[in-house]
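Structure record follows, encoded as structure tokens.
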Amino acid sequence: MAKNLIIVESPAKSKTIKKFLGKNYEVVASNGHVRDMPKSQMGIDFENDYEPKYITIRGKGELLAGLRKEVKKADKIYLATDPDREGEAISWHLCHALKLDPKKTKRITFNEITKNAVKQSLKQSREIDMDLVDAQQARRVLDRMVGYSISPLLWQKVKRGLSAGRVQSVALRIIADRESEIDAFIPREYWTLEAEFSVPGTKRPLIAKYYGNPEKRQIETEKEIEQIKKELQGADYQVSGIRKSERTKKPPLPFTTSTLQQECSKHLNFATRKTMQIAQQLYEGIAVKGHGTIGLITYLRTDSTRISEEADAACRAFIEENYGKENIIEGAGATSKNKNIQDAHEAIRPTYVELTPAQIKESLTRDQFRLYQLIWKRFVASRMHAAKYETISVKIDGNGHRFTSAGSKLVFPGFLTVYQNDEDKEEANAVLAKVKEDTKLTFVELKGEQHFTQPPAHYTEASLVKALEELGIGRPSTYAPTISTLISRRYVAKEQKNLYLSDLGDIVNQIMVSAFPSIVDVNFTAMMEGLLDSVAEGEVEWKTIIRNFYPDLNESVNHAEEALEKIEIEDEVTDVVCELCGKNMVIKYGPHGKFLACPGFPDCRNTKPYYEKIGVKCPKCGGDIVIKKTQKGRRYYGCENNPECDVMTWQKPSAEKCPKCGKMLLEKGSKLMCADPACGYLKEKPKS
């Protein structure tokens with residue numbers, strides 16, 4: 001019998017596929033890429049029209065030798081790397097590294113690792129798609145040009161170990177811009193007013209919110225609250241209007257890479273990197289009791305919400321059998337309107353919808369089970385009917401003022417039977433059902449509550465992924481590595497899901513914005529992604545992009561080398577005396593920022609934390625307010641006498657005191673604001 005060789009990327013995938021095929025098929029793994037540009041140099045031949053220089057990746061020699069032996073035994077070779085641009089490029093590199101005969105080498109792809117999908121792909125084998133390969137080469141060369149041109153400049157002007165990246169630097173700027181918005185945000189005071197009424201025939205009170213007089217009105221001060229209370233004294237309250245209606249909540253779309261990362265962050269507390277690692281395991285194959293090693297989900301890097309006809313039919317049959325025919329949605333369900341979708345693959349879904357999470361729970365780790373359950377529920381829910389609610393809203397008038405109360409009752413759960421989050425849970429207001437038009441209500445009490453508007457939220461991994469997707473920056477495969485790089489480089493600190501700009505990240509961002517504005521321009525980066533998509537579709541020749549991009553980059557780098565001043569980080573001598581040798585300690589810079597070290601190193605290795613004074617005294621104990629950092633590197637301001645004194649703030653304190661209440665004033669952009677929001681004192685910051 002003819003021997004067929006299938007080359008995949010990972011050993012886990014090879015084990016799963018081997019199970020589906022007969023003895024005349026051998027399945028081996030390349031363990032990812034086998035060739036790349038050298039790490040020690042740019043790796044681009046500028047004299048030869050920007051041709052990339054590829055070499056065998058260190059450590060892959062033995063693996064390639066083993067693959068060559070298998071190739072010699074085979075009559076037909078199938079390259080079955082992942083079904084995306086990266087996978088296409090790996091297949092192309094394998095052709096070159098193994099010197100494969102094009103006549104007996106074919107490319108196969110499958111969106112799910114199932115028996116039908118693998119066998120069907122063998123029937124539909126094709127040539128390597130050079131448009132996809134070129135799109136990957138273009139991205140790789142662009143990223144190499146940016147990283148290897150700008151990173152050495154940062155080493156030269158600031159310090160070694162820093163890096164810049166085409167997508168990474170834009171993501172850093174997005175985080176930095178949000179930090180600036182938060183720092184400059186001035187809270188605005190507003191009030192809410194609630195009334196409690198008793199309704200005839202029920203013991204439970206009716207709570208209604210103040211609406212206006214009778215037009216909608218925003219209450220901004222306590223003085224307004226007191227005036228409204230005065231005008232409502234002795235008022236008779238009556239129901240002036242009841243409105244009943246029906247509301248529907250649409251089922252969710254199946255998962256894309258982006259929405260999966262967002263939901264896992266919100267509901268499972270997974271980092272984007274962890275989500276992709278576990279999803280990869282589920283895709284490549286898990287040993288499931290009674291089924292052997294099988295792939296449990298479809299390909300995990302996708303921006304499409306499309307579902308195959310076969311999977312759609314299987315899901316509808318499953319819903320009819322388990323939840324009833326009345327729960328099946330008519331038509332194809334909702335579709336995404338995102339203009340940046342490439343639609344190369346299906347959405348992320350279970351490969352076998354009949355394998356419920358409960359059935360295979362014993363075969364999965366806790367995290368694998370939680371992720372599979374989320375994907376399974378979302379997919380099944382996407383083929384179910386919308387949930388239906390009965391809503392009721394009531395208007396209550398008294399002395400020319402209006403209060404409103406509203407509630408809803410779930411009458412048809414639809415997809416919520418399967419997929420329900422905390423935000424989907426709504427409490428019905430049973431009292432409202434007993435209220436009738438013109439009912440006179442008995443007033444019980446009024447409650448006014450003070451609030452302050454909140455600044456924009458710090459980015460989390462989930463919200464940053466959403467922002468990158470909406471802005472058209474990066475693609476499904478780049479979100480997780482981009483965020484991981486920012487955190488590992490210490491440009492960004494992650495604390496309780498929130499991402500905070502570090503001092504180092506701030507310095508790098510300022511240099512990038514001033515010296516390379518186009519590289520960190522959101523619109524420019526999105527346009528480049530669009531051009532890469534055009535290469536993949538065969539509309540643009542990949543080197544055209546490179547030829548247009550590099551001369552401008554090179555000019556910017558040359559200009560920055562001359563214009564940017566070196567940021568000298570010399571050892572600053574302090575008045576802190578080393579208790580071990582008596583020398584005055586100096587300020588050094590490490591991965592976490594500044595610290596105190598003895599200048600007598602290596603004879604004396606004494607070090608201490610360094611706290612920079614800002615010239616402001618602690619309002620509580622009179623000590624100096626100093627700049628401190630959390631364990632993750634986020635900056636804050638606190639008293640030097642901590643832990644005896646607990647004064648701390650995220651905003652920089654001013655030396656001035658609030659003339660209204662005597663508390664600290666904090667810097668908020670171009671303003672100085674009282675540390676006590678209830679005081680509300682605000683003034684322009686003096687120009688230095």
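Heavy-atom basis, side chains included; hydrogens, waters and symmetry copies ignored. Just so it is clear, the model here is predicted, and its values are computed rather than measured.
Pairs of residues two or more places apart, or lying in two chains, that qualify as side-chain hydrogen bond (donor to acceptor under 3.5 Å, both in side chains) and include a residue from residues 508-530 are Arg139-Glu529, Asp506-Gln510. Applying the side-chain hydrogen bond (donor to acceptor under 3.5 Å, both in side chains) test to every pair with at least one member in residues 141-151, sequence neighbours left out, gives these pairs: Asp143-Arg166. The ring pair (Phe, Tyr, Trp, His ring centres under 6.0 Å) contacts involving residues 648-669 comprise Tyr636-Trp650, where partners must be two or more places apart or lie in separate chains. The ring pair (Phe, Tyr, Trp, His ring centres under 6.0 Å) pairs that include a residue from residues 497-519 are His458-Tyr500, where partners are two or more places apart or lie in different chains.
Residues Val647 and Met664 form a side-chain contact, since some pair of their non-hydrogen atoms from C-beta on lies under 4.5 Å apart. Side-chain contact check for Asn558 versus Asn554: some heavy-atom pair is nearer than 4.5 Å. When side chains are defined from C-beta on, Ile483 does not count as touching Arg273, because their heavy atoms never get closer than 4.5 Å. Within the 4.5 Å cutoff, side-chain heavy atoms of Pro187 are placed close to those of Met673. Taking 4.5 Å as the limit, some side-chain heavy atom of Lys60 sits within range of a side-chain heavy atom of Asn31. Under the 4.5 Å side-chain criterion, counting only non-hydrogen atoms from C-beta, Ile297 is not in contact with Leu371. In this structure, the side chains of Leu596 and Asn606 stay at 4.5 Å or more apart for every pair of heavy atoms. Inter-residue side-chain proximity for Ser30 and Ile90 is flagged as met; some heavy-atom pair is nearer than 4.5 Å.
Under the rule for a side chain to side chain contact (heavy atoms under 4.5 Å, CB included), the partners of Lys617 that lie at least two apart in sequence or sit in another chain are Asp624. For Glu579, the salt bridge (Lys or Arg N to Asp or Glu O under 4.0 Å) partners at least two apart in sequence or on another chain are Lys608. Residues satisfying the salt bridge (Lys or Arg N to Asp or Glu O under 4.0 Å) test with Arg173, not counting sequence neighbours, are Asp177. A search for side chain to side chain contact (heavy atoms under 4.5 Å, CB included) contacts involving Ser265 returns Ala462, not counting sequence neighbours. For the ring pair (Phe, Tyr, Trp, His ring centres under 6.0 Å) test, no residue two or more places apart in sequence or in another chain qualifies with Phe255. For Gln218, the side chain to side chain contact (heavy atoms under 4.5 Å, CB included) partners are Tyr190, Glu220, not counting sequence neighbours. Applying the salt bridge (Lys or Arg N to Asp or Glu O under 4.0 Å) test to Glu684 and every residue at least two apart in sequence or in another chain returns Lys671. When the side chain to side chain contact (heavy atoms under 4.5 Å, CB included) test is applied to Ile614, the partners found at least two apart in sequence or on another chain are Val616, Ile625, Ile627, Tyr637, Lys652, Pro653.
Shown here is Lys628, whose NZ atom has more than 12 heavy atoms of other residues, nucleotides or ligands within 6.0 Å. Under a cut-off of 6.0 angstrom, the local environment of NZ in Lys361 is sparse, with at most 12 non-hydrogen atoms contributed by other residues, nucleotides or ligands. Within 6.0 Å of the CD atom in Glu555, the count of heavy atoms belonging to other residues, nucleotides or ligands does not exceed 12. The number of heavy atoms from other shown groups lying within 6.0 Å of NE2 (His451) is above 12. Under a cut-off of 6.0 angstrom, the local environment of NZ in Lys447 is sparse, with at most 12 non-hydrogen atoms contributed by other residues, nucleotides or ligands.
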- Message: Walk me through whether Val508 and Arg489 qualify under side chain to side chain contact (heavy atoms under 4.5 Å, CB included).
- Response: CA-CA 11 Å; Val508 172; Arg489 293 281 181 194; over 6 Å; no
- Task: Quick one: do Tyr550 and Val141 satisfy side chain to side chain contact (heavy atoms under 4.5 Å, CB included)? Show the steps, please.
- Result: CA-CA 10 Å; Tyr550 184 71; Val141 170; over 6 Å; no
- Message: Determine whether Leu260 and Arg378 satisfy the following criterion, side chain to side chain contact (heavy atoms under 4.5 Å, CB included), listing intermediate values before the conclusion.
- Response: CA-CA 10 Å; Leu260 177 67; Arg378 178 91 165 209; over 6 Å; no
- Message: Apply side chain to side chain contact (heavy atoms under 4.5 Å, CB included) to residues Ile473 and Thr478 and explain how you reach the verdict.
- Response: CA-CA 9 Å; Ile473 295 167; Thr478 64; over 6 Å; no
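In this structure, Lys466 does not pair ionically with Glu469, as no charged nitrogen and carboxylate oxygen lie closer than 4.0 Å. A salt bridge links Glu656 with Lys683: at least one charged nitrogen is closer than 4.0 Å to a carboxylate oxygen. Ion pairing of Arg475 with Asp84 is absent here, as no side-chain N (NZ or NE/NH1/NH2) approaches a carboxylate O to less than 4.0 Å.
Asp82 contributes atom CG, which lies 3.5 Å from atom OH of Tyr299 (distance to the nearest 0.5 angstrom). Considering CD of Gln651 and CG of Leu672, their distance stands at 12.0 Å, rounded to 0.5 Å. Here the CG-CD1 distance, from Leu499 to Ile175, works out to 5.0 Å after rounding to the nearest 0.5 Å. Rounding to the nearest 0.5 angstrom, the gap separating the OG1 atom in Thr256 from the CZ atom in Arg301 is 13.5 Å. With rounding to the nearest 0.5 Å, the separation of CE in Met528 from CD1 in Ile519 is 8.0 Å. Atom OH of Tyr479 sits about 10.5 Å away from atom CG of Leu464, to the nearest 0.5 Å.
In this structure, Ala176 and Leu501 approach most closely via the heavy-atom pair CB-CD2, 3.8 Å. Listed here is the closest heavy atom pair of Leu504 and Arg490: CB-O, 4.1 Å. Pro11 approaches Ala29 most closely through the heavy-atom pair N-CB, 3.5 Å. Here the closest non-hydrogen pair linking Ala560 and Lys157 is O-CE, 4.1 Å. The minimum heavy-atom distance linking Tyr50 with Ile546 is given by the pair CG-CG2, 3.7 Å. Taking every heavy atom of both residues into account, Gly448 and Ile225 meet most closely at CA-CD1, 4.5 Å.
Side-chain atoms of Lys668 never come within 3.5 Å of backbone atoms of Leu682 as a donor-acceptor pair (strictly under, hydrogens ignored). With hydrogens and angles disregarded, a donor-acceptor distance shorter than 3.5 Å links the side chain of Thr257 to the backbone of Thr302. A side-chain donor-acceptor contact under 3.5 Å links Gln168 to the backbone of Ser163. A donor-acceptor pair under 3.5 Å is absent between the side-chain atoms of Tyr681 and the main chain of Leu665, judged by distance alone.
Looking at Glu284 and Ser10, their side chains do bring a donor and an acceptor atom within 3.5 Å of each other. Judged purely by distance below 3.5 Å, without hydrogens or angles, the side chains of Gln137 and Tyr54 pair a donor atom with an acceptor atom.
Each of Lys494, Gln261, Lys497 was compared with Glu461 under the side chain to side chain donor-acceptor pair (under 3.5 Å) criterion, and only Lys494 meets it.
Ring orientation note: the planes of Phe549 and Phe524 are close to parallel, at an angle under 30° on the 30°/60° scale.
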